[in-house]
Amino acid sequence: IEFTADNKKKFDTLLTRYPTKKAAILPTLWLVQGQYGFISDEAMEYVGKLLDLSPVHVLSVVTFYTMFNRKPVGKHHIQVCRTLSCAMMGADSLVDHLKTKLKINEGETTRDGKFSLCTVECLASCGTAPAIMINEAYHENLTPAKLDKILAELA
């Protein structure tokens with residue numbers, strides 16, 4: 001595990017923006033995930049060495065935040081908000097719909113590698129619940145029919 005030359009430059013620039021190496025952990029993890037698609041045990045060791053942190057400290061950060069993937073995800077990573085507003089507006093039914101339609105459970109990826117499904121904490125879209133993110137794109141005020149249309153466009 002090692003950064004590409006471009007990501008190494010980005011990492012070096014990141015370090016100039018923070019008072020300590022430790023403070024650069026989140027953007028460093030974003031670089032790793034951007035390069036590899038997920039954060040492996042080896043990647044956590046690498047980040048620990050770069051930032052003078054123990055691998056267990058890096059693991060504690062990676063497992064605290066739902067935005068970091070511990071295993072590869074599909075081309076279209078579907079994240080369904082599960083917090084109060086979205087739950088009250090039908091997020092659970094969206095999750096059930098996705099499980100049935102994609103034939104996967106939470107935390108799984110379709111056999112063709114196109115879709116992964118997970119639930120996450122607040123996507124900060126409470127006024128337009130239920131909300132999901134697919135990769136970096138927000139989708140709000142969802143119904144199963146609207147969700148089917150989005151999935152058809154991605155297939």
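For clarity, every value in this text was computed on a predicted model and none was experimentally measured.
Counting all heavy atoms, side chain and backbone alike, Y18 lies closest to P27 at OH-CG, 3.4 Å. Taking each heavy atom of L15 and A24 in turn, the nearest pair found is CD2-CB, 4.1 Å. Taking each heavy atom of R70 and I39 in turn, the nearest pair found is NH1-O, 3.2 Å. Shortest non-hydrogen contact noted between T109 and S116 is OG1-OG, 2.6 Å. Considering all non-hydrogen atoms of both residues, V32 and A43 come closest at CG1-CB, 3.6 Å. Of all non-hydrogen atoms in N69 and Q33, the two that sit nearest each other are N-OE1, 2.7 Å.
More than 12 heavy atoms of other residues, nucleotides or ligands sit less than 6.0 Å from atom NZ of K146. For OH of Y138, the number of neighbouring non-hydrogen atoms (other residues, nucleotides, ligands) closer than 6.0 Å is greater than 12.
Put simply, the side chain of C118 reaches to within 4.5 Å of the side chain of V120, judged on heavy atoms. Residues H77 and I134 have side chains not in contact (no heavy-atom distance under 4.5 Å, counting atoms from C-beta outward). For the pair Y46 and E2, the minimum side-chain heavy-atom distance is below 4.5 Å. The closest side-chain heavy-atom distance from L98 to I78 is below 4.5 Å. The shortest side-chain heavy-atom distance between K99 and E106 falls under the 4.5 Å cut-off. Within the 4.5 Å cutoff, the side chain of L142 has heavy atoms near those of the H139 side chain. Residues T66 and T119 have side chains not in contact (no heavy-atom distance under 4.5 Å, counting atoms from C-beta outward). Under the 4.5 Å side-chain criterion, counting only non-hydrogen atoms from C-beta, L147 is in contact with I132.
When atom types are taken as modelled, the side chain of E108 and the backbone of N105 share a donor-acceptor pair closer than 3.5 angstrom. Within the 3.5 Å criterion, the main-chain N or O of T4 finds a donor-acceptor partner in the side chain of Q35.
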Query raised in the report: Does the pair L14 and D12 meet the rule for a side chain to side chain contact (heavy atoms under 4.5 Å, CB included), with working shown?
Result: CA-CA 5 Å; L14 279 174; D12 291 340; over 6 Å; no
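At a threshold of 4.5 Å between side-chain heavy atoms, the hydrophobic network of Ile, Leu, Val, Met, Phe, Trp and Tyr places L29 and V73 in two separate groups. A continuous path of hydrophobic side-chain contacts links Y36 to M67 [ILVMFWY only; heavy atoms under 4.5 Å]. Under the 4.5 Å side-chain heavy-atom criterion for grouping Ile, Leu, Val, Met, Phe, Trp and Tyr, L154 is connected to V80 within one hydrophobic cluster. Cluster membership check: L84 does not share its hydrophobic cluster with L123, using side-chain heavy-atom separations under 4.5 Å among Ile, Leu, Val, Met, Phe, Trp and Tyr.
How far CD1 of I1 is from CD of E42: 6.0 Å, rounded to the nearest 0.5 Å. For the atom pair CG of D6 and NZ of K10, the computed distance is 4.5 Å after rounding to the nearest 0.5 Å. Between the OG1 atom of T143 and the CG atom of D148 there is a distance of 8.0 Å, given to the nearest 0.5 Å. To the nearest 0.5 Å, atoms CZ (R111) and CD1 (I104) are separated by 11.5 Å. Separating the OG1 atom in T28 from the CZ atom in F11 is a distance of 5.0 Å, to the nearest 0.5 Å. Distance CZ/F64 to CG/L26: 10.0 Å, rounded to 0.5 Å.
For the 3.5 Å distance criterion, the side chains of S125 and T128 qualify, holding a donor opposite an acceptor. Side-chain atoms of D112 and T110 include a donor-acceptor pair closer than 3.5 Å.
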Exercise answer: donor-acceptor pairs, residues 47-58 side-chain atoms, under 3.5 Å, sequence neighbours excluded:
| residue | atom | partner | partner atom | Å |
| --- | --- | --- | --- | --- |
| D52 | OD2 | K21 | NZ | 3.3 |
| S54 | OG | H57 | N | 3.1 |

Under 3.5 Å donor-acceptor pairs involving side-chain atoms of residues 87-96, not counting sequence neighbours:
| residue | atom | partner | partner atom | Å |
| --- | --- | --- | --- | --- |
| S93 | OG | G90 | O | 2.7 |

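Checked against ring-ring contact (aromatic ring centres under 6.0 Å, His included), H97 has no partners two or more places apart in sequence or in another chain.
Aromatic pair F38/F68: centroids not less than 6.0 angstrom apart.
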